[in-house]
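Numbering starts at 1 and runs along the sequence shown.
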Amino acid sequence: FPGRRANEYRRSARAIQGSATLMADGGILQRDAERTVADALLQALRADTDVQAVFGAPARIHESETQEPTYPYAILERHETRPAGSAGVSGTEHILTLGIASRFGGRRYAREFMGAIRAAVERAELAIAGQRAVLSYTSYGDVFRARDRRTLRGLLRIRIITEEII
């Protein structure tokens with residue numbers, strides 16, 4: 001089992017190194033493209049009025065862990081990418097995982113928080129430099145209790161496919 005994790009780490013490290021090449025238009029590094037997609041998604045979620053209604057204004061949607069979070073909040077936990085080009089156009093599939101944490105209202109409210117994000121993703125028009133979002137939707141969602149037995153955790157997987165603008 002530990003050897004398998006080491007192999008997965010080596011493969012992901014090679015993928016990250018390989019992602020530092022220039023895109024077909026010669027302008028955007030792949031890592032920059034990943035950052036711009038994540039930034040565009042987080043910005044769209046924070047600006048959505050339904051998301052603000054459940055996560056506060058400004059919406060508590062974070063890019064990384066916070067020292068003393070105010071509940072409920074969402075955090076970008078993971079961002080995977082893989083090539084998804086077609087018809088001679090360079091494209092990328094992005095799978096972003098958002099974690100949601102709540103300490104009140106039970107599963108019903110946790111699902112409400114996830115529903116607000118899901119709806120915002122479906123109606124968002126992402127502004128991504130050098131790319132356009134061809135498709136964006138939530139591909140997975142789950143609610144479960146955290147180890148502390150007080151916090152409910154929601155997990156949303158968001159799939160975004162982008163193509164370079166030529």
Side-chain angles (χ1 to χ4, degrees), residues 1-2 4-5 8-9 11-12 15-16 19 30-84 86 91-163:
F1 189 73
R4 190 167 85 193
R5 281 192 179 156
E8 289 173 9
Y9 174 78
R11 277 195 301 269
S12 66
I16 289 170
S19 70
Q30 186 63 30
R31 280 183 284 202
D32 291 337
E34 292 170 13
R35 188 174 305 123
T36 57
V37 168
D39 289 347
L41 175 64
L42 294 176
Q43 184 178 13
L45 292 176
R46 289 176 187 139
D48 189 87
T49 55
D50 291 342
V51 171
Q52 289 177 3
V54 294
F55 286 97
R60 293 180 298 274
I61 309 235
H62 308 291
E63 188 173 359
S64 60
E65 292 289 335
T66 59
Q67 291 297 323
E68 295 180 25
T70 301
Y71 292 89
Y73 69 91
I75 187 167
L76 178 62
E77 294 185 347
R78 187 174 177 153
H79 186 169
E80 303 172 58
T81 60
R82 61 180 65 103
S86 64
T92 306
E93 175 185 21
H94 301 262
I95 300 173
L96 297 98
T97 304
L98 285 177
I100 297 162
S102 174
R103 286 195 171 168
F104 64 92
R107 290 183 188 277
R108 181 174 142 229
Y109 284 103
R111 285 192 186 105
E112 182 181 326
F113 302 147
M114 290 175 45
I117 290 179
R118 180 179 287 122
V121 166
E122 290 175 3
R123 67 177 164 260
E125 294 189 22
L126 302 175
I128 308 165
Q131 303 174 67
R132 69 180 176 94
V134 178
L135 180 67
S136 62
Y137 65 95
T138 303
S139 62
Y140 175 81
D142 193 10
V143 175
F144 50 93
R145 284 222 180 265
R147 282 188 214 168
D148 67 4
R149 310 295 292 161
R150 264 179 45 188
T151 307
L152 276 168
R153 294 255 305 135
L155 193 67
L156 278 178
R157 220 164 268 136
I158 299 165
R159 183 174 182 230
I160 300 172
I161 296 180
T162 61
E163 290 181 343

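- The distance from the CD1 atom of I75 to the OG atom of S64 is 6.0 Å, given to the nearest 0.5 Å.
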For a side chain to side chain contact (heavy atoms under 4.5 Å, CB included) check, start with the C-alpha distance between L96 and R78, then their side-chain angles and the critical distance, and finish with the verdict. CA-CA 6 Å; L96 297 98; R78 187 174 177 153; over 6 Å; no
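- We find the CZ-CG distance between R108 and L152 to be 13.0 Å, quoted to the nearest 0.5 Å.
- Between Q131 and V37 the shortest side-chain heavy-atom distance falls below 4.5 Å.
- Considering I95, T97, L41 as possible partners of I158, the one that fulfils the side-chain contact (heavy atoms from CB on, under 4.5 Å) test is L41.
- Across every non-hydrogen atom of V51 and A116, the tightest pair is CG2-O, 3.6 Å.
- Across L126 and A40, no two heavy atoms sit closer than the pair CD2-O, 3.7 Å.
- Taking all atoms of both residues into account, the shortest heavy-atom contact from F104 to P72 is CE2-CD, 3.5 Å.
- Other residues, nucleotides and ligands contribute more than 12 heavy atoms inside 6.0 Å of the CD atom of E80.
- For the atom pair NE2 (H62) and OG1 (T70), the distance works out to 7.0 Å, reported to the nearest 0.5 Å.
- Using a 4.5 Å heavy-atom threshold, the side chains of H79 and H94 count as touching.
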Is there a side chain to side chain contact (heavy atoms under 4.5 Å, CB included) between L156 and I100? Walk through the geometry before answering. CA-CA 8 Å; L156 278 178; I100 297 162; 4.1 Å; yes
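- Using modelled atom types, one side-chain atom of R107 and one backbone atom of V143 make a donor-acceptor pair closer than 3.5 Å.
- The side-chain heavy atoms of V54 and Y109, taken from C-beta on, include no pair separated by under 4.5 Å.
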Kindly determine whether I61 and I117 satisfy side chain to side chain contact (heavy atoms under 4.5 Å, CB included), including the steps that lead there. CA-CA 10 Å; I61 309 235; I117 290 179; 4.3 Å; yes
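- Side-chain atoms of Q52 come within 3.5 Å of backbone atoms of R46 as a donor-acceptor pair (strictly under, hydrogens ignored).
- The aromatic ring centroids of F55 and F113 lie less than 6.0 Å from each other.
- For residues 55-77, the salt bridge (Lys or Arg N to Asp or Glu O under 4.0 Å) pairs, not counting sequence neighbours, are E77-R153.
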Between V121 and L45, does the side chain to side chain contact (heavy atoms under 4.5 Å, CB included) criterion hold? Intermediate values first, please. CA-CA 7 Å; V121 166; L45 292 176; 4.1 Å; yes
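- Between R123 and D50, at least one side-chain N (NZ, or NE/NH1/NH2) sits under 4.0 Å from a carboxylate O, which counts as a salt bridge.
- Remark: R145 CZ is packed, more than 12 non-hydrogen atoms of other residues, nucleotides or ligands lying under 6.0 Å away.
- Looking only at distances, no side-chain donor or acceptor of T138 sits under 3.5 Å from a matching main-chain atom of Y140.
- Among residue pairs with one or both ends in residues 94-103, those qualifying as salt bridge (Lys or Arg N to Asp or Glu O under 4.0 Å) are R103-D148; sequence neighbours excluded.
- Atom OG of S102 is separated from atom CD of E112 by 10.0 Å, given to the nearest 0.5 angstrom.
- We find the CD-CZ distance between E93 and R159 to be 4.0 Å, quoted to the nearest 0.5 Å.
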